[in-house]
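One structure is given here, and the rest of the page talks about it.
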Amino acid sequence: MPGSPSRGASIHLHLLMSTQTPNNTTIDPAAILDARFKDAIHAAVPDLPIEQIKALITPSRQPKFGDFQSNCAMPIAKRFQMAPRELAAKIIEHLDVASIAEPLTQTNIAGPGFINVTLLPQAISDALSAMDNDQLGITPPDAPPTVVVDVCGVNLAKQMHVGHLRSTVIGDAIARLYERMGYTVIRQSHVGDWGLPIAMVVEQLITVEDQGTDLSTLTLADLNALYKKVQAACKAETKALELITKIGGHAKAEIELEERIADANAALEKAKARLISLQSGDERSVRVWQLIYDITMSACLSTCKRLHANITDEHSAGESTYRDELGPLVEDLIDRKIAEEDDGALVIRCDGIKEPTIIRKRDGGFLYATTDLAAIKRRVGKLGGDIVVYVVDSRQSLHFKQVFAAAHKAGYDKKTDGQEAVLFHAMFGTVLGEDNKPLKSRSGENLNLTDLLDEAVSRAGTTVAEKNPNMSESDRAPIAEAVAMAAVKYADLSTERIKDYVMNFDRMLAFEGDTGPYLLYALVRVQAIFRKATKQGIDTSNYHSAPFKLVEPSEKALALMLLRYPALIENAGKACEPNRLCSFAYDLASAYGLFYDRCPVLKCDDEALRNSRFRLCDLVGRVLGDALETLGIPTVERM
RNA sequence: GCCCCGAUAGCUCAGCUGGAUAGAGCAGCGGACUUCUAAUCCGCAGGUCGAAGGUUCGAAUCCUUCUCGGGGUGCCA
């Protein structure tokens, strides 16, 4: 599809049509208003086809305009050459919102034709009561689609760095959002565990083992150092040689370079030979490879666990697991004339994409596009994915555009029932250094993920100790850990994922303002009220069924905020944008902050009002807790 | 060359299908703790939404051109 939007908002449209059934039992005032306005518009403008009617209901920006507004009158008036305010009046005449909103009159029409609606307090209370259940008002679809989420994607013999943080944290959050919506979610970590770079490391390890080194004590840090070393050793500096030869004169330098290049080429040849022995199942090669795999995955999965990311061994589907599928897959593509030979290589050409997708090199080797095609085939055909989301660096955008198109051409995006899966690259921005340049792993010192997390915990520990001088060290440690993870993860999740990301310790580990710790703190304050109540002997057994009484503006604002939760989860999930949920969580916490300041709970003399506030606090705590859980951010009971 | 992405307050960022006076946080200034946890709350100040055109009742948002920055671009992953 030429000119298709690269932003993900509309990716699931066809899916929505097929799986989403309108919920008639909704209590969400915004949804009710939407339905009622559509009816009224239809009555007022019968010529407008029903499927084109949009009620355009949005929360009002300012309290003086009421709680919600409909912006429907202006575009319709434009289309039918009517006066918008007159049309608005006509819509109001046909509008039946008596059960949930204050009666609408001419004074509700403002500006060019906005229709302002103020909800009845009872309607807000009823809606809150209705959402006060285990699901917090979120209803799963009747036939839940299956979503495969490509996350994490670590490489063997390499420590996780900040780029993996993004894929892991954002990917896990997207998976959690889908799970929260009731979809079936399958996480897949496409581990880079195959190919020449790994063979280089295997070759090197076998060499040092022959020299007497005990491999059983190796750590991931050792492997990482080794990886860099062999990468450098195999890199032939042919360009430098050309340059020196061109300038001429430096005979000695020229000879040195030639020697180095010869060494590099020799190392490369040995690595290639090792790759072949590895691929053919040579016992020793495989044993060393397995050792590298185990060391890497053990370290990375424990980092995932520490990050509170639900990525485990069962989610790992390394490139090596596709090795036996690549040959047959390529044969299939040749047989069906989807792939063609070009200059010795095998390529797939797709309409609208200039660059062909190379799936087999001239020397017969396969490439990462080949593996990714096999992955799509497995994820759609075998795992039954209706949606496959790739949470990968934006620099891979052309690659995925090619692979998706190639998969489509080959029909690998068709499920067994013939339905086409939605393939979506949920790209995220490059991690930049303080100098605004991409952090390259080559130049990278001190930016591996474990160091970052340790630093975060250390800083959090200092703050926790300051705030809780009387708390024991053993009590402080888990709090510091949770606060640190909340800070790091929220910093990563709260910005628009497509934008480049400037790596900044102070910002990432800040504990004040719009941060993860702020959200934890808000939750702690909710919970503290109930603890204190018990301590003071205040009865909290009756609030669960207490009617909501929304007296103060701040508690009404808090209530309206809560009601937005179910729709927000759905929108954030379908767009694969966890940052929207972050915004919501922050807004909710802020609304609670104001409520907390303005509305005493324990000291409230009116028992009915006190119970209402208890119930409101309880609901805030559960929604905020649910939002944090959906983001994958750990919580604490005190801090 | 071609393709993709970005540009909003001093700094870091929000801004959902075009809506009313563009919002937060940090930094700055001024207030609020014998009070449900002050990791908090309130107020002040801070803007030519990169530039110029266009579309219309209405544009940070859509279209065109341009500037700057980043990335990618046939045999690495």
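Below, chain A is the first sequence line, B the second, and so on; all start at residue 1.
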State the CZ-CD1 distance between A:Phe428 and A:Ile174, to the nearest 0.5 angstrom.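 Result: 10.0 Å between the selected atoms.
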
Evaluate the side-chain proximity of [Y] to [X]: yes if any heavy-atom separation is below 4.5 Å, no if none is.
X: A:Leu223; Y: A:Ile292; answer: yes
X: A:Lys499; Y: A:Thr495; answer: no
X: A:Phe37; Y: A:Val117; answer: yes
X: A:Leu588; Y: A:Leu558; answer: yes

Once you apply a heavy-atom cut-off of 4.0 Å, does [X] come out as touching a base, just sugar-phosphate, or nothing?
X: A:Arg362; answer: base
X: A:Lys354; answer: base
X: A:Arg638; answer: base
X: A:Val526; answer: nothing
X: A:Pro75; answer: base
X: A:Cys599; answer: base
X: A:Tyr490; answer: nothing
X: A:Thr357; answer: nothing
X: A:Leu602; answer: base
X: A:Lys603; answer: sugar-phosphate
X: A:Thr463; answer: base
X: A:Glu466; answer: nothing

In terms of side-chain heavy atoms, does A:Gln52 have a donor or acceptor partner in A:Arg79 at a distance below 3.5 Å?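 Judged by distance alone, the side chains do pair up.
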
Tell me yes or no: between the side chains of A:Asn224 and A:Gln159, is some donor less than 3.5 Å from an acceptor?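 Yes - a donor-acceptor pair under 3.5 Å links their side chains.
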
Kindly say if [X] contacts the phosphate of [N], meaning a side-chain N or O under 4.0 Å from OP1 or OP2.
X: A:Lys361; N: B:rC76; result: yes
X: A:Arg525; N: B:rA38; result: yes
X: A:Lys467; N: B:rA39; result: yes
X: A:Tyr368; N: B:rA77; result: no
X: A:Lys499; N: B:rA14; result: yes

For nucleotides 29-34 of chain B, give me every protein contact, N/O to N/O, under 3.5 Å, one pair per line with atom names.
none

Which nucleotide in the list [options] gets nearest to the side chain of [X]?
X: A:Tyr596; options: B:rU17, B:rA38, B:rC41; answer: B:rA38
X: A:Lys401; options: B:rG18, B:rC41, B:rC3; answer: B:rC3
X: A:Asn579; options: B:rG15, B:rG72, B:rA77; answer: B:rG15
X: A:Glu512; options: B:rC36, B:rC13, B:rU40; answer: B:rU40
X: A:Leu56; options: B:rA77, B:rU17, B:rC41; answer: B:rU17
X: A:Val601; options: B:rA77, B:rG1, B:rC36; answer: B:rC36
X: A:Arg598; options: B:rA77, B:rC3, B:rC42; answer: B:rC42

Hey, which of these two, A:Phe595 or A:Ile479, hits RNA chain B nearer its 5' end, going by closest nucleotide?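 Mapping each residue to its closest nucleotide by heavy atoms, the 5'-most match is A:Phe595.
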
Between A:Asn468 and A:Thr515, who's closer to the 5' end of RNA chain B by nearest nucleotide?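 Looking at RNA chain B, the more 5' nearest nucleotide goes with A:Thr515.
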
Expressed as a whole number of Å, how far does the C1' atom of B:rU40 sit from that of B:rA59?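 Looking at atom C1' only, B:rU40 and B:rA59 are 38 Å apart.
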
Which residues, if any, of residues 532-539 of chain A bring a heavy atom under 4.0 Å of RNA chain B?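 Heavy-atom cutoff 4.0 Å gives A:Lys532.
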
Which residues within residues 189-199 of chain A lie with some heavy atom under 4.0 Å of an atom in RNA chain B?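 Contacts with RNA chain B under 4.0 Å: none.
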
Ignoring hydrogens and geometry beyond distance, is the side chain of A:Asp343 in donor-acceptor contact with the base of B:rC75 at under 3.5 Å?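 Between B:rC75 and A:Asp343, which were checked side chain against base, a qualifying N/O pair under 3.5 Å is present.
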
Donor/acceptor link under 3.5 angstrom from A:Asp500 side chain onto base of B:rG69: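 No such pair is found, so the answer is no.
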
For A:Arg349 and B:rU73, what is the distance between atoms CZ and P respectively, to the nearest whole Å?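 Those two atoms, CZ and P, are 17 Å apart.
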
I'd like a table of donor-acceptor pairs (distance under 3.5 Å, sequence neighbours excluded) in which one partner is a side-chain atom from residues 342-352 of chain A, with atom names and distances.
{"from": "A:Asp342", "atom 1": "OD2", "to": "A:Arg349", "atom 2": "NH2", "distance (Å)": "2.3"}

Strand RNA chain B in bracket notation, Watson-Crick/G-U under 3.5 Å with | for pairs to another chain: (((((((..((((.....[...)))).(((((.......))))).....(((((..]....))))))))))))....

Run the numbers on A:Tyr521 and A:Tyr518 for ring pair (Phe, Tyr, Trp, His ring centres under 6.0 Å), then give the verdict. CA-CA 5 Å; A:Tyr521 186 70; A:Tyr518 173 85; 7.7 Å; no

If you compare all heavy atoms of A:Cys599 against all heavy atoms of A:Ser554, which two are closest, and at what distance to 0.1 Å?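 Heavy atoms only, the tightest pair is SG-OG, 3.4 Å.
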
Would you please name every residue forming a ring-ring contact (aromatic ring centres under 6.0 Å, His included) with A:Tyr368, sequence neighbours left out?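 Per chain and number, A:Tyr368 pairs via ring-ring contact (aromatic ring centres under 6.0 Å, His included) with A:His399.
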
Which residues pass the salt bridge (Lys or Arg N to Asp or Glu O under 4.0 Å) test with [X], not counting sequence neighbours?
X: A:Asp193; result: none
X: A:Glu637; result: none
X: A:Asp618; result: A:Arg622
X: A:Asp372; result: none

Does a salt bridge link A:Arg459 with A:Asp506, judged by any charged N lying under 4.0 Å from a carboxylate O?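 Yes.
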
Hey, could you give me each pair passing salt bridge (charged side-chain N to carboxylate O under 4.0 Å, His left out) that has a residue in residues 511-522 of chain A? Not counting sequence neighbours.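 For residues 511-522 of chain A, and leaving out neighbouring residues, there are no salt bridge (charged side-chain N to carboxylate O under 4.0 Å, His left out) pairs at all.
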
Please test A:Asp34 against A:Lys38 for salt bridge (charged side-chain N to carboxylate O under 4.0 Å, His left out), starting from the C-alpha separation and ending with a verdict. CA-CA 6 Å; A:Asp34 189 82; A:Lys38 278 179 176 162; 3.0 Å; yes

Between A:Glu203 and A:Ala199, is there a donor-acceptor pair closer than 3.5 Å when you use the side chain of the first and the backbone of the second?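 It does not hold such a pair.
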
N/O to N/O distances under 3.5 Å, protein versus nucleotides 20-24 of chain B:
{"from": "B:rA20", "atom 1": "N7", "to": "A:Gln69", "atom 2": "OE1", "distance (Å)": "3.2"}
{"from": "B:rA20", "atom 1": "N7", "to": "A:Gln69", "atom 2": "NE2", "distance (Å)": "3.3"}
{"from": "B:rA20", "atom 1": "N6", "to": "A:Gln69", "atom 2": "OE1", "distance (Å)": "3.1"}
{"from": "B:rA20", "atom 1": "N6", "to": "A:Asn116", "atom 2": "OD1", "distance (Å)": "2.4"}
{"from": "B:rA20", "atom 1": "N1", "to": "A:Asn116", "atom 2": "ND2", "distance (Å)": "3.4"}
{"from": "B:rU21", "atom 1": "O4", "to": "A:Lys64", "atom 2": "NZ", "distance (Å)": "2.7"}
{"from": "B:rA24", "atom 1": "O2'", "to": "A:Tyr586", "atom 2": "OH", "distance (Å)": "3.4"}

